[in-house]
Number of protein chains: 2
Amino acid sequence: MTGQVRTVDGRVAGRRGQATRQKLLDCLGEMLSSSPYRDVKVIDVARKAGTSPATFYQYFPDVEGAVLEIAEEMAKEGAGLTELVSGRSWVGKAAWQTSEELVDGFLDFWRKHDAILRVVDLGAAEGDKRFYKIRMKILNSVTNSLTDAVKELQTKGKVDKEVSAAAMAGSLVAMLASVAGHQKGFTTWGVKQAELKPNLALLVHLGITGKKPVR
Amino acid sequence: MTGQVRTVDGRVAGRRGQATRQKLLDCLGEMLSSSPYRDVKVIDVARKAGTSPATFYQYFPDVEGAVLEIAEEMAKEGAGLTELVSGRSWVGKAAWQTSEELVDGFLDFWRKHDAILRVVDLGAAEGDKRFYKIRMKILNSVTNSLTDAVKELQTKGKVDKEVSAAAMAGSLVAMLASVAGHQKGFTTWGVKQAELKPNLALLVHLGITGKKPVR
DNA sequence: TACTTGTCCTGTCATGCCGTCAGCTTACCG
DNA sequence: CGGTAAGCTGACGGCATGACAGGACAAGTA
């Protein structure tokens, strides 16, 4: 389905080529973690990978193109976030546990990939559809599951019909993503991780069920 | 207090100089709206302003420095967001109105300054303290007011003591900021502005008061 | 008006990154 | 061992960066 990995000039990448390519991606990932996106240069990535800029351009059209590649990879992993919601219960004590685990899982994922996610977020906010699609892919895996949860609670009459399930789920997920992206900021401001998580869980619970949690 | 506007080489900028400087800032602002941050070049800004790159460097150390300048200006305006919350009521029907107006005001502000806020957000996420400070200045104007509101409701016994007022306020504001930054994204995904706002207001209301709104 | 002073702008230059190409080296295969 | 395709890089024109010195300009002074 994905076809073979190809170089920019159309050749099929073999064993060695793929290794080089991967090394470049790894080095780019590291650079993104340590320096501002704006200052990441092709030549630096190449140097770090022990190769030349020309080699970089053999595999990627530009820095952005390579970032997209990394992001795509991460998005695949992000699809697994669905399991934080799907099949979970939103009733009684179980609902609280579901909320907590969702928040935990989400924050962990974000912390793990923060550098790339920053860039994806920027690209998406700037209106680049490719980045936006990737961001969607990750967030939707959670958003869709949450939307379903709300809808189900609505059919059971446990949540007001007026609530737009999609908007609610989307807002909650956006909140999680934003807070996750500024976790360091929160701690600097004096809010500790320990009190941040329960409050996020509380908001999730309130948003989905419309009620205070039973702990 | 702010002292005089100075050039990079220490001279005091006069009438004409300040005009040029401002023009450069304006043009930079426009460029940020129309092209990715990574691709904004000094030479383009200078050309757009009808001057030369050398002139740009007379007033700013680099693109980032100029962006900080614009952001600082915006932050001053952002301080006015406090009024969306301070002195408002969080009881009964008034609480719902307060929530709605907060969401409205916030989204408007973000839409107005979206380009520059994107960059500030990125800088803050990357750990740049200067950008982080600006982001704080804007968000705190709302966060602090909201924190006070929660604390007041807590002393009246209307909100659980366990809730961390700061964390709750911070999370809600982060949500608003994130959703605001991806407004276009939401509409693309099929969530209309009309249903987005009430749901955000609902979440704000739930988060602050812990109860469903009375409309 | 001519002169002086300090602000303001730009031409120019060395430096460094970008992105491409031709050509060399390496690996694989019959 | 030759052929073929993959893999890599030196080299190059082009462009942005950032610094400087010097010229243009406005305003005050005699």
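Source: prediction; values computed, not measured. Letters go in sequence order (proteins before strands), and every chain restarts at 1.
Atom-to-atom, CD1 of A/I43 to P of C/dT15 comes out at 16 Å; the value is rounded to the nearest Å. Spacing between atom CZ of A/R21 and atom C1' of D/dA6 amounts to 15 Å, rounded to whole angstrom units. Between the P atom of D/dA16 and the CG atom of A/D62 lies a distance of 16 Å, rounded to the nearest Å. Atom CZ in B/R6 sits roughly 16 Å away from atom C1' in C/dC8 (whole-Å rounding).
The shortest distance between side-chain heavy atoms of A/V40 and B/R38 falls below 4.5 Å.
At a threshold of 4.0 angstrom between heavy atoms, the contacts of A/Y59 are confined to the sugar-phosphate backbone, with no base atom among them. A/R11 comes within contact range of at least one nucleobase, with a heavy-atom separation under 4.0 Å.
Between C/dC9 and B/T20, a contact under 4.0 Å exists linking OP1 or OP2 to a side-chain N or O. Within the 4.0 Å cut-off from OP1 or OP2 of D/dC8, not a single side-chain nitrogen or oxygen of A/T55 is found. One finds no side-chain N or O of B/Y57 lying less than 4.0 angstrom from the OP1 or OP2 phosphate oxygen of D/dA16. For the OP1/OP2 pair of D/dT9 and a distance below 4.0 Å, the side-chain nitrogens and oxygens of A/T51 include at least one atom meeting the criterion.
Mapping B/R38 and B/P53 onto DNA chain C by nearest heavy atom places B/P53 closer to the 5' end of the strand. Residue B/A54 is the one, among B/A54 and B/R15, whose nearest nucleotide of DNA chain D lies closer to the 5' end (criterion: closest heavy atom).
Considering only the side chain of A/Q58, D/dG7 comes nearest among D/dA6, D/dG7, C/dC18. Checking D/dG18, C/dC18, C/dA27 against the side-chain heavy atoms of A/K41 singles out C/dC18 as nearest.
A/K197 has no carboxylate O lying under 4.0 Å from a charged side-chain N of A/E100, or vice versa, which leaves the two without a salt bridge. A/D9 has a carboxylate O that lies under 4.0 Å from a charged side-chain N of A/R11, or vice versa, which qualifies the two as a salt bridge.
Taking CG of B/L32 as the start and CD1 of B/I70 as the end, the distance is 6.0 Å to the nearest 0.5 Å.
Between A/W110 and A/F106, the ring planes are parallel. Angles under 30° get that label, and only those over 60° would be called perpendicular.
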